[in-house]
Amino acid sequence: MVDLDQLSTQERQPVTDTPSAPPETTRSAREVFTAISGLVVGMFVAVLSGTVVSTSMPVIIADLGGTQSQYTWVITASLLATAVSTPIWGKLADLVDRKVLVQVSLILFTVGTVIAGFSTDTNMLIAVRVVQGIGVGGLMSLVMIAVALIISPRERGKYMGVVGGIMALGTIGGPLLGGLLTDVWGWRSNFFVGVPFAILALVLLQFTLHLPKPQRDTKVSIDYFGIVLLAVGVSTLLIWVSMGGNQFDWDSSTSIMLVVTAGVAIAAFITVEFFVKEPIVPMSLFRNRTFTLSVIASIAIGVSMFATSVFLAQYFQLARGATPTESGLMTIPMIIGQMGASIIIGQLVSRFGKWKGWMVTGSILTTIGVSLMATLRYDTPFPLVAVYMFVLGAGLGMVMQNLTLIVQNDTAPQQLGAASSNVNFFRTIAGTIGVTVMGSLLSTSVANYITDALDGFVPSTPAEIDALEHLASGDVPKVGQLPDTIRAIVESAYGHGIADSFIIAIPLAVIAIIAIAFIKNKPLSTKNAAEQMLEQAEESVIEVSEAEVGASLSTGSIRIQGASSGPTTGSVRVLEREDREREARDGER
């Protein structure tokens with residue numbers, strides 16, 4: 001038996017060279033923020049694009065002559081494009097240059113935004129919002145992936161807390177900015193305000209962002225068939241949800257056809273994902289309990305998050321008669337709650353490495369918040385509304401970014417892009433469907449409340465007659481121009497209808513509490529994804545080298561670096577050393 005411990009260092013060195021790790025460098029917070037500055041600005045632009053128009057949306061739809069259904073579709077068209085494209089961007093991030101992908105998504109977003117500002121009717125606006133949504137889908141998923149490549153999960157909490165705070169600022173502060181712009185320069189300015197930020201983000205990305213390229217030994221393979229099936233299935237499902245009961249009956253042939261098409265497309269997509277080489281949504285991810293439960297929680301949280309940003313503007317303007325600027329100012333408690341909780345809790349997670357207690361607390365606060373929102377009326381005292389918004393915002397701030405964090409912490413680096421983007425994908429899909437369902441419910445509820453309140457009402461002035469004719473058309477009303485007698489009825493109907501819509505989010509928020517409670521409390525890693533991939537590469541080389549040495553020992557030979565390859569019956573060097581040792585022992589005797 002040959003004793004490996006006696007071999008020289010040169011003799012034990014494997015033939016295959018191991019990649020050397022880069023020298024350990026500790027980045028300061030300033031260096032990290034410089035590296036991700038372009039990503040943060042890009043994220044802000046993406047979020048701002050969806051929220052800056054929310055307060056002006058009643059004005060936009062009224063100006064373009066749109067209906068409540070089109071109002072909802074201006075929102076859901078962008079969300080749908082974001083949802084469908086998110087896992088595609090994420091999968092591409094595992095295959096090709098991530099920096100290029102971020103830049104492409106930002107350019108797509110900017111082009112879509114500029115064109116949207118020149119919309120001449122609601123249908124054109126809906127179509128252009130799809131292009132805008134595709135770009136946003138890339139930014140939303142790629143930013144999180146890039147951050148994971150640069151920063152370890154343990155340190156990521158405080159930086160993602162800042163990213164979450166930026167998202168909160170864009171989500172809730174966007175309506176304030178949008179309202180101000182609408183009142184001063186008109187609603188079209190809402191679509192141009194993000195362009196300078198997008199250009200700044202492109203410049204910063206070019207000079208500050210440096211990401212490792214995906215290490216792949218095989219040719220890039222993209223699941224085009226899966227992309228088509230996913231788009232068809234999700235789009236058809238949303239069309240059915242948004243138009244059912246309004247454009248067609250739930251039990252009509254059109255409804256049945258849409259349901260069957262969506263079901264077949266989604267089932268085919270799931271089947272395809274099991275067999276393609278590079279699936280958009282790897283089904284193996286669902287074997288990870290952390291990923292599966294995080295997806296469930298994201299679905300529940302997504303409805304609350306998107307519903308709040310969409311329906312709060314309608315509540316303040318249509319139920320309380322506020323101007324766009326005033327409605328933006330009224331959302332400040334939501335900004336404070338969500339942004340403050342995101343930043344503070346992110347810092348605490350990084351400092352102490354504990355995340356589960358904060359996430360459970362956040363999900364409970366979210367449930368309380370949506371329950372309180374379901375009690376709103378047009379005359380609810382504003383201090384109470386402010387408390388409701390603050391509680392809901394704090395809950396969302398504690399949960400949203402940490403869901404992505406814990407999934408990244410418990411996922412192999414090779415699937416980082418797919419795992420991160422799919423958490424966002426399911427959250428966006430749920431938010432889109434939730435907003436669509438809530439918008440449909442709102443439309444029906446408002447119509448019923450107005451009809452009941454106007455029962456027996458006899459108009460006495462031409463203004464009242466014109467107002468009733470406008471309401472009968474189904475178009476979103478300009479509340480400030482209504483006669484006082486009808487205005488009170490409309491405000492009450494919208495206040496009650498929006499509150500009814502939030503009831504849908506309550507059971508989903510409860511599901512989020514349960515899902516988060518069962519997520520495994522895994523400690524946060526101190527290595528970023530790039531370091532983990534390097535470590536795995538080194539381990540693979542060592543395993544191969546050990547296997548080669550073991551195979552050599554089993555045949556009585558040891559491979560020696562620098563020796564010529566060829567059949568051997570033993571190592572001359574080892575045999576000579578054994579002879580010397582035997583002679584020494586004989587001499588001692």
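Note that the numbering runs from 1 along the sequence shown for the chain.
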With Val385 via side-chain contact (heavy atoms from CB on, under 4.5 Å) - residues at least two apart:
Tyr315, Phe316, Arg320, Leu376, Thr380, Phe382, Met389
Can you check whether Leu392 reaches Leu365 side chain to side chain, under 4.5 Å on heavy atoms?
no
Going by heavy atoms in the side chains, are Val195 and Ile199 under 4.5 Å from each other?
yes
Under the rule for side-chain hydrogen bond (donor to acceptor under 3.5 Å, both in side chains), what residues qualify as partners of Arg188, not counting sequence neighbours?
none
Atom CG in Leu396, atom CE in Met334: separation rounded to 0.5 Å?
5.0 Å
So, taking the atom named OG in Ser294 and the one named CD1 in Ile519, what distance separates them when rounded to the nearest 0.5 Å?
3.5 Å
Taking side-chain contact (heavy atoms from CB on, under 4.5 Å) as the definition, give me every residue that meets it alongside Val203, ordered by chain and number, with sequence neighbours left out.
Phe207
Is the shortest side-chain heavy-atom distance between Leu405 and Trp355 below 4.5 Å?
no
Rounded to the nearest 0.5 Å, how far apart are CG of Leu441 and CG of Asp500?
6.5 Å
Please round to the nearest 0.5 Å and tell me the distance separating atom CD1 of Ile296 and atom CD1 of Ile514.
10.0 Å
Residue pair Leu312 / Met330, side-chain heavy-atom distance below 4.5 Å
no
Heavy-atom pair with the smallest gap, counting every atom of Leu106 and Ala201:
CD2-CB, 3.5 Å
4.5 Å side-chain heavy-atom contact, Ile345 and Val349
yes
With heavy-atom distances below 4.5 Å as the criterion, would you say the side chains of Ile368 and Leu372 are in contact?
yes
Report the residues that fulfil side-chain hydrogen bond (donor to acceptor under 3.5 Å, both in side chains) with Ser298, sequence neighbours left out, ordered by chain and then residue number.
none
Leu384 and Tyr388: CA distance, side-chain angles, deciding distance, side chain to side chain contact (heavy atoms under 4.5 Å, CB included) verdict:
CA-CA 6 Å; Leu384 280 181; Tyr388 299 169; 4.0 Å; yes
Nearest 0.5 Å, please: how far is CG in Leu403 from CE in Met359?
3.5 Å
With Phe291 via ring-ring contact (aromatic ring centres under 6.0 Å, His included) - residues at least two apart
Phe286
Rounded distance [0.5 Å steps], CG in Leu180 versus CG in Asn190:
10.0 Å
Might you confirm whether atom CZ of Phe197 has over 12 heavy atoms from other residues, nucleotides or ligands at distances under 6.0 Å?
no
Do the non-hydrogen side-chain atoms of Ile60 and Phe191 ever get within less than 4.5 Å of each other?
yes
If I compare all heavy atoms of Pro507 with all of Ile504, which pair ends up nearest, and what's the gap?
CD-O, 3.4 Å
Which residues pass the ring-ring contact (aromatic ring centres under 6.0 Å, His included) test with Phe192, not counting sequence neighbours?
Phe118
So, using side-chain contact (heavy atoms from CB on, under 4.5 Å) as the criterion, who are the partners of Arg289 when residues are at least two apart?
Leu293, Lys520
Run the side-chain contact (heavy atoms from CB on, under 4.5 Å) test against Ile344 and tell me which residues pass, sequence neighbours left out.
Leu348
Hey, could you give me each pair passing side-chain hydrogen bond (donor to acceptor under 3.5 Å, both in side chains) that has a residue in residues 103-113? Not counting sequence neighbours.
Gln103-Gln206, Thr113-Gln132
Nearest heavy atoms of Ser85 and Gly133, plus distance in Å
OG-O, 4.0 Å
Residues in salt bridge (Lys or Arg N to Asp or Glu O under 4.0 Å) with Lys522, at least two apart?
Asp410
Check the pair Lys356, Ile406 against side chain to side chain contact (heavy atoms under 4.5 Å, CB included), reporting the backbone distance first and the verdict last.
CA-CA 9 Å; Lys356 188 163 185 177; Ile406 61 176; over 6 Å; no
What's the shortest heavy-atom distance between Ala297 and Ile516, and which atoms?
CB-CG1, 3.9 Å
Nearest atoms (heavy-atom pairs only) where Leu285 meets Thr292
O-OG1, 4.4 Å
Minimum-distance pair of heavy atoms, taken over all atoms of Ser304 and Val370:
OG-CG1, 3.4 Å
My understanding is that only residues two or more places apart in sequence, or in another chain, count here; which of them pass ring-ring contact (aromatic ring centres under 6.0 Å, His included) with Phe390?
none
Asn288: which residues meet the side-chain hydrogen bond (donor to acceptor under 3.5 Å, both in side chains) condition with it, sequence neighbours left out?
none
Does the side chain of Trp89 come within less than 4.5 Å of Val104's, by heavy atoms?
yes
Answer yes or no: is there a donor N or O on one side and an acceptor on the other, between the side chain of Thr367 and the main chain of Ser363, under 3.5 Å?
yes
